Amino acid sequence: MSGAKAGAARPSLARLAAQLPRDKADTLLLLGAALMVLAPHAEHLPLWVSGLCALTLLWRTLATVRGTRMPSALLLLPLSMAAMAGVFMSYRTLFGRDAGVAMLVLLVAFKMLEMHAKRDLFVVIFLSFFLVLTNFFYSQSILTALMMVASIIALLTAQLSFQFTGKVPPLGRRLWMGARVFLLAAPLALVLFFLFPRIQGPLWGMPGDAQGARTGLSNSMAPGNMSNLAQSDDPVFQVRFLDPVPPKPKLYWRGVVMGDFDGRTWTPLRRRARRSPDQISMTVRGDAVRYELTLEPSSNNWLFALDLPDRLPELSGNTAGVSSELELTSTLPMSKRVRYALSSHTEYSLDGGDELNDRERWLALPQGFNPRALETGAQIAQMSADPAARANAVLGMFTKMPFSYTLQPPLLGRDSVDEFLFKTRAGFCEHFASAFVVLMRAAEVPARVVIGYQGGELNPIDGFLMVRQTEAHAWAEIWIAGRGWLRVDPTAAVAPERVQRGLSSALAQNAPAFAGLGGLLDFGGERNALLEQLRFRIGAINTGWNQWILNYTPERQSGFLDSLKLRLLHWRSLALLAAIGAVLLLWRALRQRREADPVDALYSALGRRMSQLGMARAADEGPNAYASRLAQATLAPDQLAALKRFLTLYSAHKYSARPPAPGLASTLKSLLNNI
């Protein structure tokens with residue numbers, strides 16, 4: 001019964017839409033197109049701005065359907081001034097990306113209540129076209145681009161709808177017309193995108209808004225920092241290896257080295273000088289691994305690389321440097337996507353002499369914090385004089401005691417290391433790395449914390465390794481005389497799956513509560529092979545989008561144009577392009593000839609015949625005026641009647657709103673034969 005009622009309601013709604021006057025239908029179409037443009041901004045605008053825009057569009061919709069009058073300027077002016085004041089209160093400025101977009105969104109919404117003439121309609125349409133571009137300030141994904149293409153087609157359809165006189169085509173046909181206009185402009189846009197000279201700096205952004213980028217790793221590490229970050233699936237960088245990909249346990253992407261500890265939080269050493277690689281005491285073993293790394297925008301100036309790069313990356317408009325702790329940094333924040341080439345050694349020795357500079361700084365611990373950890377470290381020091389044996393003792397403690405690896409560790413108090421080691425025994429990588437370094441320093445072994453990323457997911461479709469925030473990781477380094485700084489990952493002692501297979505596998509193995517979720521997220525099984533392939537293909541498409549669209553820098557454009565120039569200079573390429581152009585021109589000519597109006601062709605034939613009789617039609621002479629002049633022609637009565645009938649039918653066909661009569665072309669052809 002309810003289904004029958006719903007079925008009856010649908011035709012009534014369709015009839016109601018069809019019965020709307022044309023001006024109301026066109027206005028509602030424009031409101032729908034504007035909603036498609038405004039809706040994506042709701043994600044980053046203040047709630048009151050989105051709510052006010054929704055109410056404004058609803059107000060205009062009801063006024064259009066009911067035919068009520070628009071509000072006067074006496075109401076709109078105070079409302080708009082109050083809205084601008086609200087923007088200033090929300091952003092503390094009226095300039096910049098966010099405040100500017102908020103004002104533009106409100107302007108489009110308020111302009112809907114002020115549409116009185118056709119000029120106002122086109123103002124709304126052109127403002128909406130400009131507002132489409134602002135979506136790329138916040139997201140430049142393929143999904144955003146597709147949504148904006150749909151918005152542009154909707155706006156073009158609304159613009160075309162206001163242009164029709166007489167009978168208006170159905171909505172589906174108008175949508176196809178809007179899509180055709182877009183498709184006709186797309187090739188020119190692609191040519192301009194790839195060939196027009198690029199400018200330095202981000203394409204979709206403004207310098208004052210650089211802080212709006214993702215921050216990622218912090219310059220400090222406290223309990224809970226890394227576990228919160230690892231719950232984000234945002235991409236950090238992509239890597240394309242030019243040599244065989246190293247095994248996953250060797251994929252440690254070095255970020256920030258931390259040596260100062262206040263009892264709870266780790267921070268980098270306060271004095272760190274930038275150096276060149278040849279000023280750092282290091283030796284390498286084996287061949288280097290070559291790769292290209294594409295780093296996503298952030299507000300930091302850290303660059304990531306496999307442990308020991310043998311040279312500094314070359315950055316466009318920026319300068320890279322390295323500290324004595326092997327931290328790669330840039331002079332300016334990485335506010336735009338950047339790609340750089342590197343080669344790194346995974347087997348090396350750093351500061352491998354018999355003495356360590358600033359040894360006391362790598363042994364320093366704050367007084368009055370974590371007394372049980374300090375006592376345990378002192379006991380380990382008495383057990384053996386070998387630093388490696390002391391490190392193994394701490395790792396053995398992690399292995400033998402009931403420690404667990406979890407994304408939701410308990411909160412820790414003032415003596416965070418003591419509480420973790422002897423009470424909660426549940427933590428994420430930062431808990432294990434911090435506790436290990438504290439125990440090592442208490443055992444008189446120089447140690448430090450390193451944060452970065454470990455692992456990554458290799459896409460077999462395009463060969464790119466994607467590193468996301470979920471791969472955020474913290475590990476430790478200890479210094480041993482004659483061997484230098486050695487990486488020790490205490491997390492691997494508790495959750496080896498974290499290094500071997502990734503975060504989800506480690507959580508599933510170490511926390512039963514995650515086992516069900518881990519099974520759902522594990523794409524490695526045969527049952528999910530199709531889903532896994534689909535996920536990889538989507539990832540490959542996103543990578544191609546990032547590499548060829550979002551990362552199409554001036555340098556890459558220059559290389560593309562150079563390669564294109566070399567190919568075009570080859571005579572075979574030129575001949576092929578010429579042949580393709582000739583085929584396209586011939587195809588277009590044949591199509592135009594095939595699609596020519598037969599009625600117009602007969603009218604042209606009439607003109608040629610009358611020219612032969614000395615009564616040619618003037619270029620500015622319409623069929624009715626031509627018929628009046630030919631009424632005085634010296635023709636036989638039957639010829640004159642046929643001529644008059646021909647021009648009357650043709651004039652009705654061209655200038656009447658009614659559809660053409662069936663068999664018109666054959667009738668005109670018969671009349672032409674009688675002239």
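This structure is a prediction, so every number in the text was calculated from the model and none was measured. Count residues from 1 along the sequence.
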Steps toward side chain to side chain contact (heavy atoms under 4.5 Å, CB included) verdict (Leu293, Arg339): CA-CA 6 Å; Leu293 189 148; Arg339 183 176 61 172; over 6 Å; no

Salt bridge (Lys or Arg N to Asp or Glu O under 4.0 Å) between Arg240 and Asp462, intermediate numbers included: CA-CA 9 Å; Arg240 182 174 71 94; Asp462 58 6; over 6 Å; no

Stepwise side chain to side chain contact (heavy atoms under 4.5 Å, CB included) test for Leu31 and Arg60: CA-CA 8 Å; Leu31 285 169; Arg60 176 65 210 215; 3.7 Å; yes

Verdict with supporting geometry, Leu647 and Leu630, side chain to side chain contact (heavy atoms under 4.5 Å, CB included): CA-CA 10 Å; Leu647 293 172; Leu630 291 178; 4.1 Å; yes

Verdict with supporting geometry, Leu171 and Leu29, side chain to side chain contact (heavy atoms under 4.5 Å, CB included): CA-CA 9 Å; Leu171 178 59; Leu29 178 60; 4.1 Å; yes

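A donor-acceptor pair under 3.5 Å is formed between the side chain of Ser604 and the backbone N or O of Asp600. When atom types are taken as modelled, the side chain of Lys24 and the backbone of Val65 share a donor-acceptor pair closer than 3.5 angstrom. Checking side-chain atoms of Gln163 against main-chain N and O of Leu160 turns up no donor-acceptor pair under 3.5 Å. Without hydrogens or angle criteria, Thr134 side chain to Leu131 main chain gives a donor-acceptor distance under 3.5 Å. Without hydrogens or angle criteria, Arg617 side chain to Glu621 main chain gives a donor-acceptor distance under 3.5 Å.
Nearest heavy-atom pair, Gly86 versus Trp48, reported as atom, atom and distance to 0.1 Å: C-CZ2, 3.3 Å. Contact record, Met148 with Pro40: CE-CG, 3.9 Å, taken as the closest heavy-atom pair. Closest of all the heavy-atom pairs between Ala33 and Leu155 is CB-CD2, 3.8 Å. Scanning all heavy atoms of the two residues, the minimum distance from Ser151 to Val132 falls at CB-CG2, 4.4 Å.
Taken from CE in Met70 to CD in Glu114, the straight-line distance is 11.0 Å, to the nearest 0.5 Å. Interatomic distance, CG of Leu668 versus CG of Asn673, reported as 11.0 Å (0.5 Å rounding). The distance from atom CE of Met615 to atom CZ of Arg629, rounded to the nearest 0.5 Å, is 9.0 Å. We find the CZ-CG distance between Phe130 and Leu107 to be 11.0 Å, quoted to the nearest 0.5 Å. Between the OG atom of Ser90 and the CG atom of Leu45 there is a distance of 10.0 Å, given to the nearest 0.5 Å. Considering CG of Leu643 and CG of Leu671, their distance stands at 9.5 Å, rounded to 0.5 Å.
The environment of CZ in Arg609 is crowded: more than 12 heavy-atom neighbours from other residues, nucleotides or ligands sit within 6.0 Å. Within 6.0 Å of the CZ atom in Phe95, the count of heavy atoms belonging to other residues, nucleotides or ligands does not exceed 12.
Looking only at atom types and distance, the side chain of Thr144 has no donor-acceptor partner in the side chain of Asn135 under 3.5 Å away. For the residue pair Trp176/Thr157, the side-chain donor-acceptor check at 3.5 Å is not satisfied.
Relative orientation of the Tyr138 and His41 rings is perpendicular, given thresholds of 30° and 60° on the angle between their planes.
A salt bridge links Asp120 to Lys111: at least one charged side-chain nitrogen sits closer than 4.0 Å to a carboxylate oxygen.
Contact of the Gln238 side chain with the Leu465 side chain is not registered, since no non-hydrogen atoms from C-beta on lie closer than 4.5 Å. In this structure the side chain of Pro623 never reaches within 4.5 angstrom of the side chain of Phe646, judged on heavy atoms.
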